[in-house]
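Worksheet: the structure to be examined is printed underneath.
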Amino acid sequence: DASPRQATLRGAMEWSWRLLKPVEQSALPQISVFRGGFALPEAERVLALPSGVSGTPLVIDVLQALADKSLLRADPQSSGDIRYCLYETVREFAAEKLGSEAEPTEDRHAETYLALGEALSKRIDERGGAEHFERLISDRDNLLAVFRRSMDGTPRISQAARAALALDAIALRQGPLALSLELHGSLVDSEAFPALTAAEPELAVQVLSAKSRAAMLSSNLGAARADLDLERPRAGQEIVDLHVARSGRVARLAGGLDAGVQAVREWLLGGNTVVRVGLVMLFIGLSFLARYAAQAGLLPPALRLAAVG
């Protein structure tokens, strides 16, 4: 019977909880906001530990103490670093103890992983980018948690958009594209999206671009065009024009600013099928070519930034 087993497990958790030091009782609930594990630098930014007689304890010492009590798993990585992870049963129990500290702890978690995700996603197309990409993948669940919390209740749309764009760097290279479509689709469908276009138009453009790019790479050209038709009255023609211009970036790198923007505009707003398919193939081919040239150092600095940006 599940109930007696659950009661026994609950009793064991309560017993373990009572044996913890006050600083460990403060840390464990805060750790419950992480998803899929975390590294020491992020723990040091998220955990707010109380000061004791001898000052504020080191986060690494508290993590080690919890690991010694079998409440936290410490997994050595090939890089030599340690990645920590709560057992799911412990995480659920600890989350119940978070109480009034839930919001500030989640805010610190969001700020930490948004900054990390943005930094890593910008560096994965540079030399040695594979290491940054692996790190980004390892924190995918933390970024997803930030996105979902940001969309709950009254959406913090800017925060959610930043999380979705960091996750888009993974979806474009490893998949699934369906996740990118889902995240950006929920952003665009949110009642808060018009406010984002007014307050942060460039961020709104990035969301629109990511959504239509995922549709294009999924071979859903009709959806990409329909998205733009639907967004014009919601986002405003100025935002749509920025979106169209941004989508023509690779063509501009090839030397045709006006031709690139016009070609993408024709595809999105009513070109024939042959033109649309041809532009998609050109877009993908030039994108790979531009990124390869940037990584090999064959482009001037200005173009290199545009190619990998």
Side-chain angles (χ1 to χ4, degrees), residues 33 35 45-46 100-122 136 139-172 176-218 220 222-249 261 264-265 268-269 309:
V33 303
R35 295 293 186 276
R45 293 181 177 89
V46 174
S100 62
E101 289 300 308
E103 185 173 348
T105 305
E106 289 174 354
D107 286 344
R108 291 193 299 272
H109 177 267
E111 292 167 5
T112 296
Y113 280 97
L114 287 174
L116 179 65
E118 289 169 344
L120 291 173
S121 62
K122 289 176 181 177
L136 186 62
D139 281 314
R140 172 168 32 197
D141 288 345
N142 279 306
L143 285 165
L144 276 171
V146 171
F147 177 86
R148 287 166 180 157
R149 289 188 197 122
S150 300
M151 293 297 286
D152 284 343
T154 302
R156 289 169 285 184
I157 195 74
S158 176
Q159 197 173 84
R162 291 170 61 197
L165 289 168
L167 288 163
D168 194 54
I170 300 175
L172 287 175
L177 288 171
L179 177 62
S180 182
L181 285 168
E182 175 191 343
L183 298 184
H184 292 100
S186 63
L187 284 168
V188 172
D189 291 340
S190 169
E191 293 181 357
F193 190 72
L196 181 67
T197 67
E200 300 181 72
E202 177 60 23
L203 187 58
V205 167
Q206 291 180 56
V207 170
L208 289 169
S209 297
K211 185 170 185 278
S212 59
R213 180 172 59 238
M216 285 190 289
L217 294 177
S218 300
N220 195 341
R225 178 182 173 184
D227 284 341
L228 198 64
D229 289 340
L230 287 172
E231 297 325 317
R232 184 180 294 106
R234 289 172 60 99
Q237 185 61 46
E238 180 181 356
I239 297 298
V240 172
D241 287 342
L242 283 171
H243 170 41
V244 170
R246 186 183 181 92
S247 299
R249 180 180 59 189
V261 173
V264 176
R265 189 185 296 275
L268 288 171
L269 302 180

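Quick caveat: nothing in here was measured; it's all calculated off a predicted structure. In what follows, residues are counted from 1 in the order of the sequence shown.
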Gap separating the CZ atom of Arg45 from the OH atom of Tyr113, nearest 0.5 angstrom: 9.5 Å

Compare all side-chain heavy atoms of Asp107 with those of Arg156 and state whether any distance is below 4.5 angstrom. yes

Please assess Leu187 against Met151 for the test side chain to side chain contact (heavy atoms under 4.5 Å, CB included), listing each intermediate value before the final yes or no. CA-CA 8 Å; Leu187 284 168; Met151 293 297 286; 3.9 Å; yes

If you take all heavy atoms of Ala210 and Ser180, which pair is closest and at what distance? O-OG, 4.2 Å

Is the closest side-chain heavy-atom distance between Leu144 and Arg35 below 4.5 Å? no

Smallest separation among heavy atoms of Lys211 and Leu181, with atom names: O-CD2, 3.5 Å

Working to the nearest 0.5 angstrom, can you tell me the gap between Arg148 CZ and Asp141 CG? 8.0 Å

Sequence-distant partners of Glu182, side-chain hydrogen bond (donor to acceptor under 3.5 Å, both in side chains), two or more places apart: none

Less than 4.5 Å apart, any side-chain heavy atom of Asn142 and any of Thr112? no

Could you measure the distance from the CG atom of Leu203 to the OG atom of Ser158? Nearest 0.5 Å is fine. 5.0 Å

Which heavy atom of Leu183 sits nearest a heavy atom of Phe147, and at what distance? CD2-CE2, 3.4 Å

Please tell me if the side chains of Leu172 and Leu177 come closer than 4.5 Å, counting only heavy atoms from C-beta onward. yes

So, taking the atom named CG in Leu114 and the one named CG in Leu143, what distance separates them when rounded to the nearest 0.5 Å? 7.0 Å

Please report the interatomic distance NE2(His184) to CD(Gln206), rounded to the nearest 0.5 Å. 9.0 Å

So which heavy atom on His109 is nearest to which on Ala145, and how close? CE1-CB, 4.5 Å

Could you state the interatomic distance from NZ (Lys122) to CG (Leu136), rounded to the nearest 0.5 Å? 13.0 Å

